[in-house]
Amino acid sequence: MPGSTTVSSTVHQDQYFDISTKDEDLTTDSSNKNSMDVTSIKQTSSKDIPTNDIEKGGADSPPQVSGAPPGLNPEDFPDGGLEAWLVVVGGALILFCSFGIVNCSGVFVQYYVNGPLSNYSSSDITWITSLQAFLITGSNLVMGRIFDSYGTRWILPIGTVFYSLGLMLLSLSTEYYQIIITQGIICGIGGAAVFNCASNSAITWFYRHRAAALGIVVAGSSVGGIVLPILMSHLIPMIGFPWTVRILGFIVLLFCGIGCFTVKSRLPPRPRPFQFAELVRPFKETRYTLTVMAAFFFFWGLYLPFNYLNIQAQQQGVDPVLIPYLLPIVNAVSIPGRIFPGIAADRLGRFNTTILVTSLSAIFTLALWVPGNTTGTTIGFGAVYGFTSGGFISLIPAIIAQISDLREIGARSGTLLFVGSLGALTGAPIAGAIVRAQNGEYLGLKLFNGFVSIFGSFIP
């Protein structure tokens, strides 16, 4: 494990056990040692601490005899209390702004296609929203390492200001390159800083209910995905796009500002020099490598409905009055999709639940969106996809925490999100090129979304 100084090559936080017999003489014969291990595990189980079960939060190698470092023993996690739930609330407000705006990408694309960027193809325009999604997730390769070393003290307030500034500058942008810089790059980097702090901080406060707590945090992005598209659709005709975006900037400043006071890691920072090996070493673990591969494929198709559902519905002939509400429907259903799979995962297994929701996402894409050509099937697909894709988003951080040392959670989750973001970056432009090659038809895009989702669900 990167940065570990223990004699074992990999120490996962879920491997630590409460060794109640630690005062016994460890130099006794092997039979006495085995008896001690069995006794200690039984005593830990009696306290309802998960045992070495991979799917219930355990790790896949034998438990260590020595105790966990301070703060990483399962008993050390508060799993509740005022401070822990304030972190969850603040994290949800941050996700409302970060991925909530990413979930509005269809509104931005529709405005650009029909407005200032009408001379550009949809494939060119979706590079803007894809770059923003890429940087919000991919920049965690750097942001995660900073979080491990310094916590939230600097990165969260700086990210808040940077994100709000990007939106203010976007309100002044009219050219393609200006929108790429402001929305794609500045908002992407600022969103990455605040998102990283929200998700990684919440992980350090919960053990038994980690997936459920993360589901609540990530549900903030779904609420943002409901409120913000409707807000934008009503404000743009009334006050124009520039002032609409400025209002988004003030919302980011307020909500993320609240998060600056409530979101913090429970573990102390561990400043240390950067070593590239920290980012590469986790790939020696088969389970981690397969999880990263699965994330790449699922991210490859994840944002396609968010980017194209509105303009695809417009081309299909859906009532224009309904189109502004398609993305809010997707995001509304994703709220239970982000919470209930997390609750189930804490009981049924996080990998098991993730495989289930990603498989359902692929199945309903191919069975409902591909053949569907009516308003009802479009709305139905949006609702189902919102639930299943929401489950994937909320479970990924819990999966990485399950197979990682929490002292390195930022670097390990950042590496996974970077690889996954490469899929997010290229998915929408590839889909746009497919649509252009098919003379404006969306069948190829839908098939691409369905098949890459299948690959993502099968790999784990």
Side-chain angles (χ1 to χ4, degrees), residues 13-14 16 18 47-50 57 67-100 140 143-144 146-160 193-224 252-271 335 338-339 342-343 345-346 350 394-398 400-402 404-414:
Q13 64 91 12
D14 285 336
Y16 300 127
D18 182 14
K47 301 175 185 178
D48 292 326
I49 303 300
L72 293 180
N73 192 292
E75 290 183 333
D76 296 331
F77 290 80
D79 264 308
L82 180 61
E83 280 189 291
W85 288 115
L86 282 176
V87 172
V88 170
V89 171
L93 290 175
I94 288 173
L95 268 291
F96 178 97
C97 299
S98 56
F99 275 98
N140 284 281
M143 301 298 177
I146 296 174
F147 175 86
D148 288 339
S149 296
Y150 303 105
T152 63
R153 182 176 180 182
W154 300 111
I155 186 174
L156 185 50
I158 291 174
T160 297
V194 297
F195 162 67
N196 182 276
C197 293
S199 59
N200 288 333
S201 295
I203 286 172
T204 65
W205 291 88
F206 293 88
Y207 182 83
R208 298 179 187 87
H209 309 300
R210 179 177 295 151
L214 284 170
I216 297 173
V217 171
V218 178
S221 66
S222 298
V223 178
V252 167
L253 199 59
L254 174 62
F255 283 13
C256 292
I258 294 173
C260 289
F261 293 98
T262 62
V263 174
K264 58 184 177 180
S265 174
R266 185 180 58 85
L267 303 178
R270 300 174 63 226
I335 294 177
R338 293 172 196 243
I339 296 175
I343 295 173
D346 287 330
R350 292 155 193 165
S394 68
L395 290 172
I396 278 293
I400 293 301
Q402 177 175 310
S404 301
D405 182 338
L406 281 194
R407 294 169 297 176
E408 296 163 354
I409 188 62
R412 289 171 68 91
S413 63

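Computed from heavy atoms alone, side chains included, the values below leave out hydrogens, waters and symmetry copies.
Contact detail for Arg350 and Arg208: the closest heavy-atom pair is NH2-O, 4.2 Å. Between Val194 and Gly159, the shortest heavy-atom distance links the atoms CG1-C, 3.7 Å. Taking both residues in full, the closest heavy atoms of Ala345 and Leu395 are given as CB-CD2, 3.5 Å, listed atom of the first, atom of the second, then distance. Heavy atoms only, all atoms of each residue included: Cys260 and Thr160 are closest at SG-OG1, 3.6 Å. Of all the heavy atoms in Arg338 and Ser221, the pair that sits closest is NH1-OG, 2.8 Å. Smallest separation of non-hydrogen atoms from Leu156 and Gly259: CD2-O, 3.5 Å.
You'll find the side chain of Ile155 stays beyond 4.5 Å of the side chain of Tyr150, heavy atoms only. Residues Thr262 and Val87 fail the side-chain proximity criterion, which asks for heavy atoms closer than 4.5 Å. The shortest side-chain heavy-atom distance between Lys264 and Cys197 does not fall under the 4.5 Å cut-off.
Rounded to the nearest 0.5 Å, atoms CG (Leu253) and CD1 (Ile258) are 10.5 Å apart. Expressed to the nearest 0.5 Å, how far CD1 of Ile94 lies from OG of Ser199 amounts to 9.5 Å. We find the CD1-CZ distance between Ile158 and Arg153 to be 11.0 Å, quoted to the nearest 0.5 Å. Of the inter-residue distances, the one linking Asn196 atom CG with Ser413 atom OG reads 6.0 Å to the nearest 0.5 angstrom. Atom CD1 in Ile203 sits 10.5 Å away from atom CG in Leu267 (nearest 0.5 Å).
Side-chain atoms of Ser404 never come within 3.5 Å of backbone atoms of Ala401 as a donor-acceptor pair (strictly under, hydrogens ignored). No side-chain donor-acceptor contact under 3.5 Å links Trp205 to the backbone of Gly81. Listed for the Asn200 side chain is no donor-acceptor partner under 3.5 Å among the backbone atoms of Phe147. A donor-acceptor contact shorter than 3.5 Å links the side chain of Thr204 to the backbone of Ser201.
Salt bridge annotation for Glu83-Arg266: absent, with no cationic side-chain nitrogen under 4.0 angstrom from a carboxylate oxygen.
Taking the ring centroids of Trp85 and Phe206, they lie under the 6.0 Å cut-off.
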